[in-house]
Peer 1: 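Let me give you the structure first, and then I'll get to my questions.
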Amino acid sequence: MSTIDPVETRSSRRRAREAFELAFSARPQWIARAPGRVNLMGGHVDYNQGVVLPVAVELDVAVAYKPRQDRLVRILSVNFDQRAEFDISELIPGSVSGWAAYPAGVAWSLAQVGLAVNGLDAAVAGNIPIGGGLSSSAAVEVAFALAFRQASGLDLPELELAKLAQTAENQFVGVNCGIMDQVVSACAESGSALLLDCRSLEFRHVPLPTGLRIVVLCTGVERELRSSEYNKRRRECEEAVTRLAAVDPDIRTLRDVEPEQLASLTRHLPAPLDRRVRHVVGEIERVYLTTAALEHGEIERIGELMYASHRSLRDDYEVSSNELDALIELARQAPGIVGARLTGAGFGGCIVNLVGAALTDEFVASVSQGYEIAFGHRPVAYISDAAAGATIQPVDR
Ligand code: ADP
Ligand code: MG
């Protein structure tokens with residue numbers, strides 16, 4: 001089991017700082033860091049312009065850096081054990097590939113909106129599993145966005161940085177991600193989830209009841225299916241909107257379908273579009289209900305909503321897998337469990353659990369044992385409190 005604790009979090013900073021000193025024979029001046037995230041509720045609703053309820057976790061990416069006098073960026077990646085170099089004035093989409101496309105994309109998107117972006121020397125290190133569904137990519141983007149903002153003396157709020165980070169990933173890296181990951185990485189508060197409206201980008205912090213911890217359990221199974229099925233679900237939602245708009249022109253996204261309209265509207269949809277819409281509309285409702293349950297400390301209700309979300313993702317949205325369903329059943333039987341659901345795009349990947357803080361170790365041991373008997377290997381577990389969003393601090397001399 002790997003456990004998230006503050007020691008691990010500090011180690012991204014330390015690893016970035018030590019790598020900087022070795023690579024550049026100088027001290028870094030600043031360290032920017034940004035966390036990964038897990039979504040507690042609101043699966044596959046971001047691209048339908050709904051609401052989501054992610055939390056930042058205690059795993060992060062740290063960038064130790066020193067501003068330069070020119071527009072050159074030189075970066076050492078600790079995780080990839082590679083260096084990259086680019087001139088901000090010369091960036092165009094496609095000109096930088098691999099991991100360096102993420103920081104380059106951030107510099108490019110800041111420059112695209114007319115900002116004067118300064119170069120830097122940097123070392124980047126992270127402990128978020130890469131490609132593991134906890135959004136290491138948004139953490140890299142947001143940490144570099146903070147670094148470029150400071151190095152360039154820019155006056156941009158965190159939410160704007162998050163939007164520019166998303167633009168970087170969409171247009172420079174070429175990944176069609178939503179806005180959730182960047183906003184929660186940039187704006188989260190310790191101890192709270194973040195209720196985010198993916199249409200207006202309004203958000204507010206929702207404190208988690210004390211005594212609960214977040215446990216992420218990963219199947220370790222990565223399915224080729226994921227991106228093709230993800231794109232298929234997006235197309236199905238678009239097609240459902242086109243058909244529903246013919247009935248009710250006020251419907252521009254599935255966000256516009258009210259729960260009361262569901263039964264009458266889904267009659268106009270062929271299978272499986274009716275099921276897809278039922279998931280999205282129900283899931284948005286569950287985000288609001290979960291927010292209220294968290295705020296009122298209604299622990300049992302939170303659990304019911306999480307299991308209902310999982311059933312909906314499994315049966316109506318059809319993005320679960322045998323491994324994910326098995327994890328959910330094992331979690332349901334394990335000590336300390338409040339609730340569990342698959343999180344992220346599905347088809348392998350992870351489940352998120354809320355667990356009584358005193359029982360997290362027993363919980364993980366119990367689920368791991370059962371999973372190993374069924375699948376021959378243990379799930380990877382991350383235990384975390386709701387963490388703070390991105391921060392930047394000077395390196396003490
Ligand atoms: P995730 O679900 O973790 O966000 P992605 O495929 O979206 O997975 O992003 C992973 C990519 O982000 C990596 O391939 C790499 O290019 C970049 N990345 C993530 N973490 C780091 C890191 N610590 N250092 C450099 N690049 C990173
Ligand atoms: Mg990502």
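Both ligands and their constituent atoms are indexed starting at 1 by order of listing.
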Peer 1: Tell me, which residues have any heavy atom less than 4.0 Å from some atom of ligand 1?
Peer 2: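 Residues near ligand 1: N79, F80, W99, Y102, G126, P129, I130, G131, G132, G133, S135, S136, S137, V140.
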Peer 1: Could you label the plane-to-plane angle of the Y65 and W30 rings as parallel, tilted or perpendicular, counting under 30° as parallel and over 60° as perpendicular?
Peer 2: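 Answer is parallel, since the angle falls under 30°.
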Peer 1: Within 45° of the ring axis of F24 and under 6.0 Å from its six-membered ring centre, is that where the NZ or CZ of R74 lies?
Peer 2: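 No, R74 does not sit over the ring of F24.
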Peer 1: Run the salt-bridge test on D197 and R199 with the 4.0 Å N-O cut-off and return the result as yes or no.
Peer 2: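 Here D197 does not pair with R199 in a salt bridge, since their nearest N and O are not under 4.0 Å apart.
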Peer 1: Are side-chain N/O atoms of D325 and H310 paired as donor and acceptor at under 3.5 Å?
Peer 2: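 Note: D325 and H310 side chains meet the donor-acceptor criterion.
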Peer 1: Whether the S135 and D181 side chains hold a donor-acceptor pair (N or O, under 3.5 Å, no angle test) is what I'd like checked.
Peer 2: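 Result is yes, a qualifying pair exists.
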Peer 1: Would you say the Mg ion (ligand 2) has S135 as a near neighbour, meaning an N/O/S atom of that residue under 2.8 Å away?
Peer 2: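 Short answer: no, not a single N, O or S atom is under the cut-off.
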Peer 1: Does the side chain of N39 come under 3.5 Å of the side chain of T343 through a donor N or O and an acceptor N or O?
Peer 2: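 No, T343 and N39 have no side-chain donor paired with an acceptor closer than 3.5 Å.
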